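Presented below is the structure to which this report refers.
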Amino acid sequence: MLKILMTRFRQGCRTMPFPKGKPPVLPARYRGRPIAAAQGDSVDLGSITFVPDSGIRHSGDFRMAVSGREDLILAGDVYALAHTVKKEILKMFGRSLKLRQVSAGGCNACEADINVLNTPVFDLSRFGIQFVASPRHADGIVVTGPVPRNMKDALLRTYEAVPDPKVVIAVGACAISGGIFDAGPEDSRGLDTLIPVDLYIPGCPPHPLTILDGLLRLTGRIKVV
Ligand code: SF4
């Protein structure tokens with residue numbers, strides 16, 4: 001026991017200070033938010049999969065979550081990062097937000113990066129944000145995957161089971177637009193064709209910091225910059 005305590009003491013606090021302090025340093029291979037290639041060109045962050053040979057330049061910035069689908073269309077350097085939800089909702093969820101995660105046909109990479117937020121490094125619960133097992137205990141849902149036909153009913157029933165007012169968060173290109181499954185016969189063509197979405201977090205998958213940054217913007221802990 002003493003050995004364990006000594007090890008923990010030596011290790012110190014492993015939780016990153018984000019959003020306080022200096023911005024986190026990510027590995028050089030991390031690509032981050034794309035930059036539109038040339039004047040007049042635009043990039044839809046809600047549908048691209050950030051593949052290395054796409055010809056798009058990247059900024060290395062992990063901040064990508066937005067409040068509106070149209071904000072994901074990147075043209076030039078202007079990019080409207082997410083803002084908080086409506087004041088009355090913020091009053092209820094700003095300090096305590098319980099979320100139900102719905103995996104609707106994704107590949108599990110988005111889900112894995114959401115799970116990472118519960119590790120000591122990110123420690124999501126220090127912000128009062130927690131994932132719960134039942135939609136009836138939740139203030140909103142986090143959806144991953146392209147919502148294929150077989151998941152549509154389950155998703156809509158989960159959404160209905162969350163008491164009002166509620167928030168909806170789309171994580172990953174699949175949930176936002178269909179992603180790599182877009183135009184497939186089973187794909188729903190984006191979560192917002194089924195239910196209203198309050199926060200869009202692009203990526204395939206998004207970096208955990210991108211997800212955390214989006215959640216903190218939604219709950220007003222990071223103000224729009
Ligand atoms: S957006 Fe990419 S990483 Fe996420 S579920 Fe779809 S294919 Fe997987």
Side-chain angles (χ1 to χ4, degrees), residues 26-27 29-34 42-56 58-74 79 81-82 99-119 121-122 124 129 131 135 140-156 158-159 167-215 217-218:
L26 295 172
R29 57 188 279 207
Y30 175 70
R31 304 175 68 76
R33 191 170 76 220
S42 63
V43 181
D44 180 4
L45 267 62
S47 64
I48 63 166
T49 49
F50 299 71
V51 290
D53 56 354
S54 61
I56 297 170
H58 292 254
S59 64
D61 191 347
F62 63 84
R63 300 170 305 163
M64 283 185 254
V66 298
S67 304
R69 178 69 180 90
E70 65 285 355
D71 295 332
L72 288 169
I73 312 294
L74 179 67
Y79 193 69
L81 288 165
L99 297 167
R100 174 73 169 97
Q101 210 270 309
V102 182
S103 178
C107 73
N108 273 353
C110 280
E111 292 85 342
D113 276 351
I114 291 171
N115 282 344
V116 167
L117 296 179
N118 293 313
T119 61
V121 173
F122 295 94
L124 184 65
I129 305 172
F131 288 93
I141 55 172
V142 176
V143 182
T144 52
V147 197
R149 190 163 28 142
N150 285 351
M151 272 304 293
K152 199 167 153 184
D153 276 356
L155 169 70
L156 293 178
T158 305
Y159 174 73
V167 294
V168 176
I169 302 166
V171 173
C174 287
I176 295 171
S177 68
I180 58 171
F181 303 102
D182 186 26
E186 302 292 326
D187 166 41
S188 292
R189 308 285 188 278
L191 182 62
D192 56 10
T193 63
L194 304 171
I195 51 178
V197 174
D198 300 289
L199 182 69
Y200 297 81
I201 304 178
C204 183
H207 191 283
L209 269 173
T210 306
I211 305 172
L212 180 58
D213 176 76
L215 292 174
R217 286 175 190 280
L218 183 79

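No experiment lies behind these values; they were computed from the predicted model shown. All residue numbers in this chain count up from 1 along the given sequence. When a ligand or atom number is given, it counts from 1 through the structure's own listing order.
- For the atom pair CD1 of Ile180 and CG of Asp187, the computed distance is 10.5 Å after rounding to the nearest 0.5 Å.
- Short contacts between ligand 1 and Ala109, defined as distances under 4.0 Å to a heavy atom of the residue, involve ligand atoms 3 (S).
- Of all protein heavy atoms, the one closest to atom 6 (Fe) of ligand 1 is Cys174 SG, 2.2 Å.
- The protein non-hydrogen atom at the shortest distance from atom 2 (Fe) of ligand 1 is Cys204 SG, 2.3 Å.
- Atom CG of Asp113 sits about 12.0 Å away from atom CG of Leu212, to the nearest 0.5 Å.
- Below 4.0 Å from some heavy atom of Cys107 lie the following atoms of ligand 1, by number and element: 3 (S), 5 (S), 7 (S), 8 (Fe).
- Of the protein's non-hydrogen atoms, the one nearest atom 4 (Fe) of ligand 1 is Cys110 SG, 2.3 Å.
- Interface atoms of ligand 1 facing Pro205, defined by a heavy-atom separation under 4.0 Å, are 3 (S).
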ask   = So Arg69 and Ser177, side chain to side chain contact (heavy atoms under 4.5 Å, CB included) or not? Walk me through it.
value = CA-CA 9 Å; Arg69 178 69 180 90; Ser177 68; 3.8 Å; yes
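- Looking only at side-chain heavy atoms (C-beta outward), Ile169 and Gln101 stay at 4.5 Å or farther from each other.
- In the vicinity of Ala173, heavy-atom distances shorter than 4.0 Å reach the ligand 1 atoms 1 (S).
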request  = Starting from the C-alpha separation in whole Å, work towards a yes-or-no answer on side chain to side chain contact (heavy atoms under 4.5 Å, CB included) for Leu45 and Asp71.
outcome  = CA-CA 9 Å; Leu45 267 62; Asp71 295 332; over 6 Å; no
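- Annotation: the span from Leu209 atom CG to Arg63 atom CZ amounts to 11.5 Å, rounded to 0.5 Å.
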